[in-house]
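Structure record follows, encoded as structure tokens.
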Amino acid sequence: MPRDEQFMQSPMEETDDNGMIRLSGSIEHVIYSNEENGYAICDLGTDRQELVTIVGTLPDVAEGDTVSVVGKWVHNPKYGRQFRVEQCEKQLPADRASILRYLSSGAIKGIGPKTAKRIVDLYGEETFDVMENHPDWLAEIPGITPKRARAIAEDFQKKADIRSAMLFFRDFFGAAATVRIYKRWGSAAIDLAKKNPYRLCEEIEGIGFERADRMARQLGIAADSPERLASGICYLLGENARQNGHVCLPREKAEESAAKLLGVDRDRIHQAVSGLLLEERLHETAFSGVHYLYEKRQYESEKYIAKKLLLLDRVCPAVETANIGAILRREEAESGMEYASLQRQAITGALENGVMLLTGGPGTGKTTVVRALLHIFRSMDERPALTAPTGRAAKRLSEATSCEAKTIHRLLEYGGEEGNDRAKFHRNENNLLEESVIIVDEASMVDNALMCALLKATKPGARLILIGDSDQLPSVGAGNVLHDLIACRRFFTVRLTEIFRQAQKSLIVTNAHAVNRGEMPRLDVKDNDFFFLPRADEATIAETVAQLCAVRLPHTYGQMAIAGTQVIAPSRRGEVGTEHLNRVLQAALNPPSPDKQEHAFRDMVFREGDRVMQIRNNYDMEWERDDGSAGMGVFNGDIGTVMQIRNRNSEMIVRFDDRTVRYEFNMLEELEPAYAVTVHKSQGSEYPIVILPVSERVPPMLLSRNLLYTAVTRAQNIVILVGSEAAIARMVANNRQTMRYTGLVNWLSEDTNL
């Protein structure tokens with residue numbers, strides 16, 4: 001009987017209060033298994049004598065395992081109906097035949113079919129008791145040495161520990177989270193979690209404070225326990241860094257927020273903060289009479305940034321002022337260019353100072369300065385390094401300068417090492433970069449953590465040149481580095497303001513500068529590179545955006561539009577937010593097809609050919625290039641294309657520029673569709689064509705001038721605004737700046753003791 005027909009004739013399954021279904025039986029065949037994350041595809045012979053394909057996190061699953069699984073039915077486009085497992089309980093087989101089959105499958109390392117038969121023939125139904133409590137008895141069997149007996153017992157105990165962990169954590173977390181807990185803590189997982197469940201949210205990826213707190217309450221831990229208060233306070237600071245970019249928080253504000261979050265008296269929070277300060281898990285610093293709280297890592301990185309920048313600026317040898325005029329004249333003669341006054345200041349400042357900041361809007365000649373500096377430094381036998389925070393920014397910098405530019409992660413040789421699952425920066429204070437000049441483009445995107453890593457690898461005496469547009473949105477990660485370094489007035493800074501003649505012809509450039517000055521952009525020009533399509537309501541805006549992407553732009557601009565159009569929206573929510581637009585654009589640009597595999601994940605459907613974005617930093621994700629080279633790290637904002645969906649192997653292959661990455665299906669929470677992205681996620685990238693939907697129904701905090709300016713400056717060739725002129729006017733008028741709590745300006749002040 002075909003399997004789908006067999007399902008249709010099955011009796012009603014047992015369901016729980018949440019509508020989840022429970023199936024029990026034995027594993028007949030393991031189709032696919034990943035030891036790293038426990039993901040597996042198996043055929044389950046149920047108690048009703050049915051054969052069911054189950055998929056999900058099934059750690060150390062083996063043929064012959066007796067399991068009880070909880071989950072739901074799903075439809076795989078290629079393989080039909082399957083059972084997606086949310087929870088799994090494993091029981092050891094009890095009768096001789098089942099024990100023999102289990103051991104013969106290779107479930108326990110060191111035991112094959114022949115050895116399994118010898119063990120079961122001798123010990124029968126007591127086999128597992130012997131392996132657990134009397135492993136030395138196994139050495140009585142021919143072919144098993146005492147050393148091999150110990151190894152068998154160790155592997156058997158490991159699997160017993162995993163079973164125990166799955167049973168203990170099943171009421172609190174999913175199977176995938178349990179696997180991560182066990183991989184981190186091993187056989188001590190249950191004891192550690194019972195002793196202090198809040199360690200879970202501090203040490204295990206994907207487990208937040210709320211989930212750990214729910215577990216703690218069920219275990220009877222008091223709401224005002226020291227562990228809960230300490231973890232909640234640290235969570236509050238960490239979440240504000242991740243979500244809002246704050247490096248620190250005023251102590252008063254932090255304590256007030258923590259009291260609300262944890263539902264306890266403010267005095268208890270104050271006492272808990274004092275305890276954390278004594279333990280040095282938190283640090284407190286006063287700036288201008290206000291006391292700020294830092295997590296230890298943020299405190300140390302921000303102080304290091306300030307200290308190292310001051311060192312670089314102090315010890316870098318300056319080029320003699322008398323020689324700089326001659327250097328500039330020679331450079332102008334060889335390049336055939338006459339540099340503007342501010343460009344000459346920037347070049348001079350880079351030669352005279354250890355740290356130099358160069359900022360300016362589009363068309364003001366920042367790239368011209370970079371090209372000149374590269375040529376000058378090479379003529380002086382200096383070794384310059386070009387770098388940028390993202391792959392797209394590095395690629396654009398390479399094309400603009402005809403010199404290789406690397407991402408900061410690649411420059412610092414980020415990757416794993418033998419015998420260690422965690423990746424790291426191999427260039428650091430113990431393995432400094434050889435380059436004597438470090439030029440960083442798109443520096444507004446560099447957060448505290450990345451700047452700290454770069455500075456640790458920069459040798460004393462090297463020059464650091466940071467280039468960016470300080471009027472753009474701040475970095476996605478915690479900190480506001482470029483803005484703070486300009487604001488502190490400790491380093492030589494040049495702001496380019498002159499728009500050069502060629503750039504003046506572009507409405508993208510002139511409108512961007514108009515917006516930055518608080519003036520309305522010109523919306524009435526029909527024959528340039530900046531267009532406005534008025535639309536009355538959000539449904540019409542979304543429909544127009546889809547028509548532009550699918551029909552009108554490809555018809556007019558061909559391949560440039562097909563490959564290079566990016567929709568950038570102010571918000572995630574609403575009819576002109578990225579979530580809705582991605583569904584509309586996927587249907588228009590990449591509809592379902594018998595030739596394309598797809599996979600449903602939560603409320604999304606991933607399809608071969610989809611444009612997708614990585615939405616969090618994953619430093620341990622492995623990738624491979626076409627030339628066979630490999631590395632680690634896929635980062636927040638990286639955009640790629642789904643090349644293959646391998647449903648049988650439960651994996652998806654995504655290509656990011658020149659890197660190919662394999663995602664297990666249970667890792668797809670790290671991806672989202674990227675036909676439309678938020679303005680924040682577009683930072684550091686440029687696209688041939690940018691479409692920006694604008695609506696008055698977008699939350700007022702997102703209708704800001706620097707958000708509009710950032711979106712417009714992402715376009716290389718064409719900008720199209722679709723929607724409400726009134727919304728554009730509100731954005732131009734709203735000069736509200738993103739406020740972030742940071743201490744970098746204060747650490748760099750004259751009287752601060754570092």
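Nothing fancy with the numbering, it's 1 onward along the sequence.
The shortest heavy-atom contact between Pro700 and Asn734 is O-ND2, 3.6 Å. Here the shortest heavy-atom pairing between Thr710 and Thr713 reads O-OG1, 3.0 Å. Minimum heavy-atom separation, Thr359 to Ser470: OG1-N, 3.0 Å. Contact between Leu200 and Ala193 at its shortest, heavy atoms only, is CD1-CB, 4.5 Å. When every heavy atom of Pro693 is checked against every heavy atom of Leu581, the shortest pair comes out as CG-CD1, 3.9 Å. Closest heavy-atom contact between Asp447 and Gly477: OD2-CA, 3.4 Å.
Ring pair Tyr294/Trp747 is tilted by interplanar angle, where 30° to 60° counts as tilted. The aromatic rings of Phe209 and Tyr198 sit parallel, their planes meeting at an angle under 30°, below the 60° perpendicular limit.
Listed for the Arg705 side chain is a donor-acceptor partner under 3.5 Å among the backbone atoms of Val732. A distance-only check finds a donor-acceptor pair linking the side chain of Asp265 to the backbone of Asp267 [under 3.5 Å]. Between the side chain of Arg427 and the backbone N or O of Leu432, at least one donor-acceptor pair lies under 3.5 Å. Between the side chain of Ser704 and the backbone N or O of Arg736, no donor-acceptor pair lies under 3.5 Å. Remark: the backbone N or O of Ile221 is not paired with any side-chain donor or acceptor of Ser225 at under 3.5 angstrom. A donor-acceptor contact shorter than 3.5 Å links the side chain of Asn431 to the backbone of His426. Side-chain N or O atoms of Ser301 include none that pairs as donor or acceptor with a backbone N or O of Ile305 at under 3.5 Å. Distance alone, capped at 3.5 Å, places no donor-acceptor pair between the Glu672 side chain and the Gln614 backbone. Within the 3.5 Å criterion, the main-chain N or O of Thr458 finds a donor-acceptor partner in the side chain of Lys308. Within the 3.5 Å criterion, the main-chain N or O of Thr742 finds no donor-acceptor partner in the side chain of Glu302.
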message = Tyr741 vs Val247, test: side chain to side chain contact (heavy atoms under 4.5 Å, CB included). Steps then yes/no.
response = CA-CA 6 Å; Tyr741 289 112; Val247 178; over 6 Å; no

task = Apply side-chain hydrogen bond (donor to acceptor under 3.5 Å, both in side chains) to His580 and Glu575, showing your working.
result = CA-CA 6 Å; His580 177 70; Glu575 284 192 82; 4.5 Å; no

request  = Report the C-alpha separation of Arg396 and Glu442 in whole Å, then their side-chain angles, then the decisive distance to 0.1 Å, and conclude whether the salt bridge (charged side-chain N to carboxylate O under 4.0 Å, His left out) test is met.
outcome  = CA-CA 11 Å; Arg396 191 177 70 250; Glu442 293 287 357; 2.6 Å; yes

task = In sequence, state the C-alpha distance, the side-chain angles, and the governing distance for Ile467 and Leu357, and then conclude on side chain to side chain contact (heavy atoms under 4.5 Å, CB included).
result = CA-CA 6 Å; Ile467 301 168; Leu357 313 175; over 6 Å; no

key: Intermediate values then yes/no, side chain to side chain contact (heavy atoms under 4.5 Å, CB included), Tyr292 and Leu249   = CA-CA 5 Å; Tyr292 292 87; Leu249 287 178; 6.0 Å; no

key: side chain to side chain contact (heavy atoms under 4.5 Å, CB included) assessment of Phe635 paired with Leu450   = CA-CA 12 Å; Phe635 305 107; Leu450 195 55; over 6 Å; no

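Under a cut-off of 6.0 angstrom, the local environment of CD in Glu622 is sparse, with at most 12 non-hydrogen atoms contributed by other residues, nucleotides or ligands. Shown here is Met739, whose CE atom has more than 12 heavy atoms of other residues, nucleotides or ligands within 6.0 Å. Around the CZ atom of Arg211, the shell of radius 6.0 Å holds more than 12 heavy atoms that belong to other residues, nucleotides or ligands. Around the CD atom of Glu280, the shell of radius 6.0 Å holds no more than 12 heavy atoms that belong to other residues, nucleotides or ligands. The number of heavy-atom neighbours closer than 6.0 Å to NZ of Lys406, taken from other residues, nucleotides and ligands shown, is above 12. Applying the 6.0 Å contact sphere to NE2 of His483 captures no more than 12 heavy atoms from other residues, nucleotides or ligands.
For the residue pair Asn244 and Asn240, a side-chain donor N or O sits within less than 3.5 Å of a side-chain acceptor on the partner. Looking at Tyr675 and Gln566, their side chains never bring a donor and an acceptor atom within 3.5 Å of each other.
Remark: Glu295 does not engage Arg281 in a salt bridge, criterion side-chain N to carboxylate O under 4.0 Å. We find that Arg251 and Glu256 are not joined by a salt bridge, their nearest charged nitrogen and carboxylate oxygen being 4.0 Å or further apart. One finds a salt bridge joining Glu239 and Arg242 here, because a Lys/Arg side-chain nitrogen approaches an Asp/Glu carboxylate oxygen to under 4.0 Å. A salt bridge does not link Arg490 to Asp313: none of the charged side-chain nitrogens sits closer than 4.0 Å to a carboxylate oxygen. Under 4.0 Å is where a charged nitrogen must lie from a carboxylate oxygen, and between Glu252 and Arg266 at least one such pair does. A salt bridge links Arg495 with Asp471: at least one charged nitrogen is closer than 4.0 Å to a carboxylate oxygen.
The side-chain heavy atoms of Leu671 and Met613, taken from C-beta on, include no pair separated by under 4.5 Å. In this structure the side chain of Leu466 never reaches within 4.5 angstrom of the side chain of Leu358, judged on heavy atoms. Residues Val654 and Val634 fail the side-chain proximity criterion, which asks for heavy atoms closer than 4.5 Å. Looking at Phe601 and Phe606, their side chains come closer than 4.5 Å, going by heavy atoms from C-beta outward. You'll find the side chain of Val355 stays beyond 4.5 Å of the side chain of Phe492, heavy atoms only. When side chains are defined from C-beta on, Gln683 does not count as touching Arg714, because their heavy atoms never get closer than 4.5 Å. Using a 4.5 Å heavy-atom cutoff, the side chains of Val677 and Val567 are not in contact.
The CG atom of Asn480 lies 9.0 Å from the CG atom of Asn448; values are rounded to the nearest 0.5 Å. Taken to the nearest 0.5 Å, the OG atom of Ser695 stands 11.0 Å off from the CD1 atom of Ile728. Summarising the geometry, atom OG1 belonging to Thr387 is positioned 4.5 Å from atom CD1 belonging to Ile408; distances are rounded to the nearest 0.5 Å. In this structure, the separation between CG on Leu312 and CE on Met356 is 14.5 Å, given to the nearest 0.5 Å. The distance from the CZ atom of Arg572 to the OG1 atom of Thr578 is 4.5 Å, given to the nearest 0.5 Å. Note that the SG atom of Cys452 and the CZ atom of Arg297 stand 10.0 Å from one another [nearest 0.5 Å].
Between His409 and Phe425, the ring center distance clears the sub-6.0 Å criterion.
Among Lys260, His270, Arg268, the one residue that satisfies the side-chain hydrogen bond (donor to acceptor under 3.5 Å, both in side chains) test with Glu255 is His270. Paired with Cys488 under the rule side chain to side chain contact (heavy atoms under 4.5 Å, CB included), one option of Thr493, Val745, Leu309, Asn746 passes, and it is Val745.
Judged by the 6.0 Å and 45° rule, Lys424 forms no cation-pi pair with Tyr414.
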